[in-house]
Amino acid sequence: MFSSSLILILLAACTGEPADTSSTGGDDTGETGGDDTDGDSAADSGDTGGDTGQADNLGFVIDGPFEGTTLSLTWVDPSTLGGENLAFGAILTSAPVTGATTTIYAEAPGSAELVEINPEDAPGLLMAMYVPALHVDEDGDGLPNGAETYAGVAMTWAVYVGGVIPEQFTALGVVEGWNAFLAAKQEQPVFSDAMAIPITASLQPSLDVALGGDLDFDPDGVRLMLISGQTFSGESTVGALVDQALSDPWSLTLSGPPSAERFYDITELGVRGALEVPLTYADLDGSETFDETADQPLYGACHQGVPVALLWLPPPTSLSDAFSLTQLGAGSGWLALEMGGSGGVVDAAALTALSIDDSCGLGGA
């Protein structure tokens with residue numbers, strides 16, 4: 001969720017008052033704003049690259065797989081900062097990513113986007129805020145079309161500043177024109193070089209995941225399966241995604257997305273995806289298929305004593321979802337999560353040293 005209100009931080013820099021930055025972001029549900037990035041409206045018909053004859057004034061340092069992506073700058077409605085939802089508006093400009101360092105020329109925003117953020121304490125100070133993002137531009141038009149997926153969202157925003165700039169802002173390094181601002185909770189607002197805005201392409205789907213570990217018991221007659229989280233929610237269930245004999249050492253590998261029937265609204269996480277839970281069972285009837293009336297559920301697979309589940313998240317197709325995932329530090333594709341404890345993402349290296357034993361109870365869940 002959105003952990004920082006840019007507008008309140010900036011106002012605190014003017015007034016000296018502490019900023020309340022506990023607000024969250026998400027999809028805008030009002031009549032204005034939202035993800036107006038389908039490329040159909042006139043508001044979205046911004047510059048989509050090309051030789052402008054102007055010197056580049058924004059630069060981006062990209063980490064991660066950026067091949068085939070397009071960079072775009074999407075306006076943020078400042079009136080929604082500090083509320084429950086962020087509203088995104090039109091795309092100012094977009095350009096194909098040409099390398100790990102990509103520079104572009106962006107024109108000054110129009111009067112509708114430049115907002116006087118604090119008329120009382122900073123009269124005449126105008127700002128327009130833009131979220132840099134990467135999307136996979138399959139149709140080559142430079143604009144997200146509602147089906148194309150996002151590959152990354154920057155937590156450092158491009159901010160255009162105009163009008164009367166108070167000394168408090170110049171002391172922070174703010175200049176007229178383009179600036180870079182770290183949109184994260186900080187004791188003091190952090191501005192940086194607008195020619196070196198970092199973006200991590202963290203939302204490209206992870207297609208493969210591997211689990212494994214050693215056992216301290218004889219696995220004879222024991223099987224390992226992956227069952228849908230729907231099993232524990234009381235909803236209609238689907239069969240096991242994997243059902244295989246358990247060995248010592250044991251391993252399990254998944255590649256690619258699960259079938260559509262395994263997706264559901266995971267209310268605990270606030271997402272729609274496929275949650276798959278490792279569970280061992282004693283195959284008492286020897287059928288090599290789990291039968292809840294005949295077989296005995298045993299243990300889950302644990303990381304530091306906490307059961308682990310696998311979550312498939314589809315790559316996000318809206319900027320709101322992409323922004324939220326980036327804020328959470330999550331990607332898309334296969335993720336391994338702790339089902340308890342901190343509920344964090346389990347590092348890939350730790351997934352090959354999971355424990356399955358009587359300290360990892362899950363069968364009675």
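Basis for what follows: all heavy atoms, side chains included, without hydrogens, waters or symmetry-related copies.
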Assess the side chains of Asp291 and Tyr281: does a donor N or O sit below 3.5 Å from an acceptor N or O?
no
Would you say the side chain of Phe217 lies within less than 4.5 Å of the side chain of Asp248, judging by non-hydrogen atoms?
no
Would you say Leu354 and Val308 make side-chain contact, with heavy atoms under 4.5 Å?
yes
Glu116 (side chain) donor-acceptor with Gly124 (main chain) under 3.5 angstrom:
yes
Are the side chain of Arg262 and the backbone of Gly239 linked by a donor-acceptor contact shorter than 3.5 Å?
yes
With sequence neighbours left out, the residues meeting ring-ring contact (aromatic ring centres under 6.0 Å, His included) with Tyr160 are Trp178
Tell me whether Leu226 is reachable from Val306 by hopping between hydrophobic residues (I, L, V, M, F, W, Y) whose side-chain heavy atoms are closer than 4.5 Å.
no
Between Glu276 (side chain only) and Leu310 (backbone N and O only), is there a donor and an acceptor less than 3.5 Å apart?
no
Distance-minimising heavy-atom pair for Gly152 and Ile199:
C-CG2, 4.4 Å
Applying side-chain contact (heavy atoms from CB on, under 4.5 Å) to Leu92 and Thr74, what does each step give before you reach the verdict?
CA-CA 6 Å; Leu92 176 69; Thr74 302; over 6 Å; no
Closest non-hydrogen atom pair, Ala55 against Tyr105
O-CD1, 3.1 Å
Between Asn179 (side chain) and Ala158 (backbone), is there a donor-acceptor pair under 3.5 Å?
no
Sub-3.5 Å donor-acceptor pair from the side chain of Ser94 to the main-chain atoms of Gly142, do we have one?
yes
Applying side-chain contact (heavy atoms from CB on, under 4.5 Å), run through Glu148 and Asp139 and close with a yes or a no.
CA-CA 9 Å; Glu148 294 170 340; Asp139 59 12; 3.0 Å; yes
With rounding to the nearest 0.5 angstrom, report the CD to CG distance, Glu120 to Asn118.
6.5 Å
Are any non-hydrogen side-chain atoms of Gln327 and Met155 less than 4.5 angstrom apart?
yes
Report the distance from atom NE2 of His135 to atom CG of Leu143, rounding to the nearest 0.5 Å.
6.5 Å
For residues 107-171, which residue pairs qualify under disulfide bond (SG atoms under 2.5 Å apart), counting only residues two or more places apart or in two chains?
none
Quick one: does any side-chain atom of Asp321 pair with a main-chain N or O of Pro316 as donor and acceptor, under 3.5 Å?
no
If you round to the nearest 0.5 Å, how far is CG of Asp357 from CG of Leu298?
11.5 Å
Does Val61 belong to the same Ile/Leu/Val/Met/Phe/Trp/Tyr cluster as Ile104, with side-chain heavy atoms less than 4.5 Å apart forming each link?
no
Separation between CG of Leu182 and OG1 of Thr156, rounded to the nearest 0.5 Å
4.5 Å
Just to verify, what does Asp214 make a salt bridge (Lys or Arg N to Asp or Glu O under 4.0 Å) with, not counting sequence neighbours?
none
Using a 3.5 Å distance criterion without hydrogens, assess whether the side chain of Asp295 forms a donor-acceptor pair with backbone atoms of Asp283.
no
Separation of Leu241 CG from Leu254 CG (nearest 0.5 Å)
5.5 Å
Does Phe60 have any ring-ring contact (aromatic ring centres under 6.0 Å, His included) partners at least two apart in sequence or in another chain, and if so, which?
none
Donor-acceptor contacts, no H, no angles, side chain residues 330-341, under 3.5 Å, sequence neighbours left out:
from: Ser332; atom 1: OG; to: Leu203; atom 2: O; distance (Å): 2.5
from: Trp334; atom 1: NE1; to: Gly256; atom 2: O; distance (Å): 2.9
from: Glu338; atom 1: OE1; to: Ser342; atom 2: OG; distance (Å): 3.3
from: Glu338; atom 1: OE2; to: His303; atom 2: ND1; distance (Å): 3.0

Pro109 and Leu114 have their tightest heavy-atom pair at O-CD1, 3.9 Å
Check whether any side-chain heavy atom of Val242 lies under 4.5 Å from a side-chain heavy atom of Leu224, and answer yes or no.
no
Other residues, nucleotides, ligands: >12 heavy atoms within 6.0 Å of Asp220 CG
no
Heavy-atom closest contact (Ala201 atom, Leu134 atom, distance):
CB-CD1, 4.1 Å
Pair Ile91, Tyr130 - check side-chain contact (heavy atoms from CB on, under 4.5 Å), show working.
CA-CA 8 Å; Ile91 290 176; Tyr130 295 86; over 6 Å; no
Side-chain heavy atoms nearer than 4.5 Å, only ILVMFWY residues, links allowed to pass through others: does that put Phe323 and Val345 together?
yes
For Asn145 versus Ala147, what's the shortest heavy-atom pair and its separation?
OD1-N, 2.8 Å
Interatomic spacing from CD in Gln204 to CG in Leu207 - rounded to 0.5 Å
9.5 Å
When Phe169, Trp157, Phe191 are each screened for ring-ring contact (aromatic ring centres under 6.0 Å, His included) with Phe181, the one that passes is Phe191
Stepwise side-chain contact (heavy atoms from CB on, under 4.5 Å) check, Leu215 with Val222
CA-CA 12 Å; Leu215 301 176; Val222 178; over 6 Å; no
Counting only N and O atoms by type, is there a donor-acceptor contact under 3.5 Å from the side chain of Ser287 to the main-chain atoms of Thr289?
yes
Hey, does the side chain of Thr80 reach the backbone of Ala87 with a donor-acceptor pair shorter than 3.5 angstrom?
yes
Within a strict 4.5 Å, meaning less than it, do heavy atoms of the Val131 and Leu73 side chains meet?
no
Pairwise side-chain contact, Pro144 with Tyr150, heavy-atom cut-off 4.5 Å (strictly under)
yes
So, do Ile165 and Thr170 sit near enough that their side-chain heavy atoms are less than 4.5 Å apart?
yes
Is the backbone of Asp243 close enough, under 3.5 Å, to the side chain of Arg223 for a donor and an acceptor to pair up by distance?
yes
Pairwise side-chain contact, Thr103 with Met195, heavy-atom cut-off 4.5 Å (strictly under):
yes
Give the minimum heavy-atom separation between Tyr299 and Asp358, together with the two atoms involved.
CE2-CA, 3.5 Å
Any pair with a residue in residues 264-315 that passes disulfide bond (SG atoms under 2.5 Å apart), sequence neighbours left out, goes on the list, sorted by first then second residue, please.
Cys302-Cys360
